[in-house]
Every structure is written in C-alpha cells, then in structure tokens.
Amino acid sequence: MKFLFPRLVLETFLFAVILSTFTTVPCLCLLGPNLKAWLRVFSRNGVTSVWENSLQITTISSFLGTWLGAFPIPLDWERPWQVWPISCTLGATFGYVAGLIISPLWIYWNRKQLTYKNN
C-alpha cells in the first residue's frame, strides 16, 4: 500500500520550526523547563527582570505577527506570496523583528520600574 504524503505537510512543519525558533527556543534558553517560571513570565504582571520582559515582548509580537500574516491568505488575489505559509512566516519574522525593536524601547521607557536580575 502506498503512503500518501498529505499536501503541504512539509511547509507546515517548516513554519512550525520557524515559529518555535522565534518563541520556544528563547524561552527554553532563558527559563529552562521550569513550568512555574513560564507561567509567571506569561501572566499579566509576572515579569521580574528585563530579560524576561524582552522575552515576553518578542514572543507575543511573533504570535501577533503570525496572526496578522494569516489575513491575506483567504483573499482572492492569486499572488504567489499568499500561498500557505508564506504570509504567516513573513508575519512571524516581521513580528519577531518588531519585538526586538520594541523591547529595548519599552525597557528604556519603563526602566525605573524594572529590576536587572539575571535569573
């Protein structure tokens, strides 16, 4: 029996790799596998250091960019960049870069309220 490889599985897998590289890998490097630390960082006011704040901003901006990147997919323009997952990948990349730009600016504007702990 011949195995039928579903359409766009490779593209979806590669998109998942890119998105997890922007979100999960930095979290694992900074927080480790500690679930309580992850929940604390991604709760509303749980950030305790500038590193965690930067992590939170870049992760959220990556997901937001991915979500915004999905909007052009159903439009009937028949453009090559509308094919799954190109626009979502571009959105995630632009969101991550925006997070890298926004994070130091936000830290600078709120520097008096933040701590500079390394852990």
Query raised in the report: What's the shortest heavy-atom distance between Ile57 and Ile102, and which atoms?
Result: CG2-CG2, 4.2 Å
Query raised in the report: For the side chain of Asn110 and the backbone of Trp106, is there at least one donor-acceptor N/O pair under 3.5 Å apart?
Result: yes
Report summary line: The ring-ring contact (aromatic ring centres under 6.0 Å, His included) partners of Phe71 (sequence neighbours excluded) come to Trp67
Query raised in the report: Given the rule in the side-chain contact (heavy atoms from CB on, under 4.5 Å) test, do Tyr96 and Ser61 qualify, once you have shown the distances and angles that lead to the verdict?
Result: CA-CA 6 Å; Tyr96 183 71; Ser61 64; 5.5 Å; no
Query - Atom pair CH2 (Trp51) and CG (Leu30), whose distance is rounded to the nearest 0.5 Å - result: 9.0 Å
Report task. Return the set of residues passing side chain to side chain donor-acceptor pair (under 3.5 Å) with Thr12 (not counting sequence neighbours), or none when no residue passes. Result -> Trp84
**Report entry** Any donor-acceptor pair under 3.5 Å from Gln56 side chain to Glu52 backbone
**Finding:** no
Query - Joint hydrophobic cluster, Leu28 plus Val41, side-chain heavy atoms closer than 4.5 Å - result: yes
Requested in this report: Please step through side-chain contact (heavy atoms from CB on, under 4.5 Å) for the pair Leu14 and Thr89, ending with a clear verdict.
Outcome: CA-CA 9 Å; Leu14 293 175; Thr89 304; over 6 Å; no
Query raised in the report: Looking at Val17 and Thr21, what are the two nearest heavy atoms and their distance?
Result: O-OG1, 2.6 Å
**Report entry** Residues forming a side chain to side chain donor-acceptor pair (under 3.5 Å) with Thr58, sequence neighbours excluded
**Finding:** none
Report task. Could you pull out the closest heavy-atom pair between Leu75 and Gln82, with the gap in Å? Result -> O-NE2, 2.7 Å
Query - Single-linkage hydrophobic cluster Leu68~Val83, side-chain heavy atoms < 4.5 angstrom - result: no
Report task. I would like to know whether Thr48 and Arg40 meet side-chain contact (heavy atoms from CB on, under 4.5 Å); could you show each step before the answer? Result -> CA-CA 9 Å; Thr48 60; Arg40 179 181 47 77; 3.3 Å; yes
Query raised in the report: Should we count CZ of Phe42 as having more than 12 external heavy atoms under 6.0 Å?
Result: yes
Query raised in the report: Can you name the nearest heavy-atom pair linking Ile73 to Ser87, along with the distance?
Result: CG1-OG, 3.2 Å
Report summary line: Heavy-atom nearest pair, Val47 first then Asn53, reads CG1-N, 3.3 Å
Query raised in the report: Any chain of hydrophobic side-chain contacts (each under 4.5 Å) joining Val97 to Leu105?
Result: yes
Query raised in the report: For the atom pair CG (Leu39) and CG (Leu35), what is the distance rounded to the nearest 0.5 Å?
Result: 4.5 Å
Requested in this report: Measure across Thr59 and Cys27 and return the closest heavy-atom pair with its distance rounded to 0.1 Å.
Outcome: OG1-SG, 4.0 Å
Query raised in the report: Is Ile18 reachable from Phe13 through a run of hydrophobic residues whose side-chain heavy atoms are each under 4.5 Å from the next?
Result: no
Report task. Indicate, with yes or no, if Tyr108 and Ile101 share a hydrophobic cluster defined by side-chain heavy-atom contacts under 4.5 Å among Ile, Leu, Val, Met, Phe, Trp and Tyr. Result -> yes
Query raised in the report: Could you go step by step and tell me if Thr66 and Phe22 meet the side-chain contact (heavy atoms from CB on, under 4.5 Å) rule?
Result: CA-CA 11 Å; Thr66 302; Phe22 290 155; over 6 Å; no
